[in-house]
Amino acid sequence: QVQLVQTGGGVVQPGGSLRLSCLASGSIFNIYSMGWYRQAPGQQREMVAWFTSGSTTTYADFVKGRFTMSSDTAKNTIYLQTNSLESEDTAIYYCNIATYGWGQGTQVTVSS
């Protein structure tokens with residue numbers, strides 16, 4: 001059974017950066033879509049970045065130009081590079097790979 005294991009969250013000052021990782025343990029095949037969501041306290045989970053095979057990555061307006069999603073198929077890992085972080089980016093971030101489910105979530109806190 002494939003598990004998605006996330007690392008890389010933490011506390012950072014405004015303007016700082018973090019790289020989130022999501023490792024798929026086990027064999028995965030024919031990934032059609034994958035991406036990142038986040039959920040702030042008292043808010044609904046919202047899409048941050050999403051990739052569908054044969055298309056380009058879609059980013060939420062509130063992260064465009066600041067966040068970048070990438071993947072390393074050899075390592076079964078997807079990444080979310082977050083730059084120029086703002087307090088509004090404080091949330092639990094979740095990775096998702098279609099048909100394989102969700103990561104456990106990782107907390108990102110942006111605070112001075």
For the CE atom of M69 and the CE atom of M34, what is their distance to the nearest 0.5 Å? 5.0 Å
Taking all non-hydrogen atoms of both residues, which atom of P14 and which atom of S112 are closest, and how far apart? CD-N, 3.7 Å
Is there a side-chain contact between L18 and L85, using heavy atoms and a 4.5 Å cut-off? yes
In short, Q44 meets Q39 closest at the heavy-atom pair C-CG, 4.1 Å
Atom pair CD/OH of Q6 and Y94 - distance to nearest 0.5 Å: 8.5 Å
Stepwise side chain to side chain contact (heavy atoms under 4.5 Å, CB included) check, F51 with S71: CA-CA 10 Å; F51 170 79; S71 64; over 6 Å; no
Taking atom NZ of K75 and atom OG of S21, what is their separation to the nearest 0.5 Å? 9.0 Å
Find out if a path of hydrophobic residues (ILVMFWY) with successive side-chain heavy-atom gaps under 4.5 Å connects L20 to V12. yes
Take atom CD in E46; do more than 12 heavy atoms of anything else shown fall under 6.0 Å from it? yes
Might you work through the side chain to side chain contact (heavy atoms under 4.5 Å, CB included) test for L80 and Y93, ending with a clear yes or no? CA-CA 10 Å; L80 185 69; Y93 285 70; 4.1 Å; yes
Could you tell me the separation between the OG1 atom of T106 and the CD1 atom of I92, rounded to the nearest 0.5 Å? 9.0 Å
With a 6.0 Å cut-off (strictly less than), is the heavy-atom count around CZ of F62, excluding the residue itself, greater than 12? yes
Mind jotting down which residue pairs meet the salt bridge (charged side-chain N to carboxylate O under 4.0 Å, His left out) criterion with at least one end in residues 89-112? Sequence neighbours excluded, please. R38-D89, R66-D89
D72 side chain to T77 side chain, donor-acceptor N/O pair below 3.5 angstrom: no
Considering all heavy atoms of both residues, which atom of T68 and which atom of Y59 are nearest to each other, and what is their separation? CA-OH, 3.5 Å
For L4 and I97: C-alpha separation, side-chain torsions, deciding distance, then whether side chain to side chain contact (heavy atoms under 4.5 Å, CB included) applies. CA-CA 8 Å; L4 304 184; I97 299 179; 3.8 Å; yes
Supply the atom-to-atom distance S17 OG to F67 CZ, rounded to the nearest 0.5 angstrom. 9.5 Å
Note: T90 and V110 closest approach over all heavy atoms is OG1-N, 2.9 Å
With side chain to side chain contact (heavy atoms under 4.5 Å, CB included) as the criterion, how do W50 and S33 come out once you've worked through the C-alpha distance, each side chain's angles and the decisive distance to 0.1 Å? CA-CA 7 Å; W50 193 255; S33 59; 3.3 Å; yes
Centre of Y37's six-membered ring, under 6.0 Å away, within 45 degrees of the axis: is that where NZ or CZ of R45 sits? no
One should read off an interatomic distance between Y32 OH and S55 OG, to the nearest 0.5 angstrom, of 8.5 Å
Counting only N and O atoms by type, is there a donor-acceptor contact under 3.5 Å from the side chain of S25 to the main-chain atoms of Q3? yes
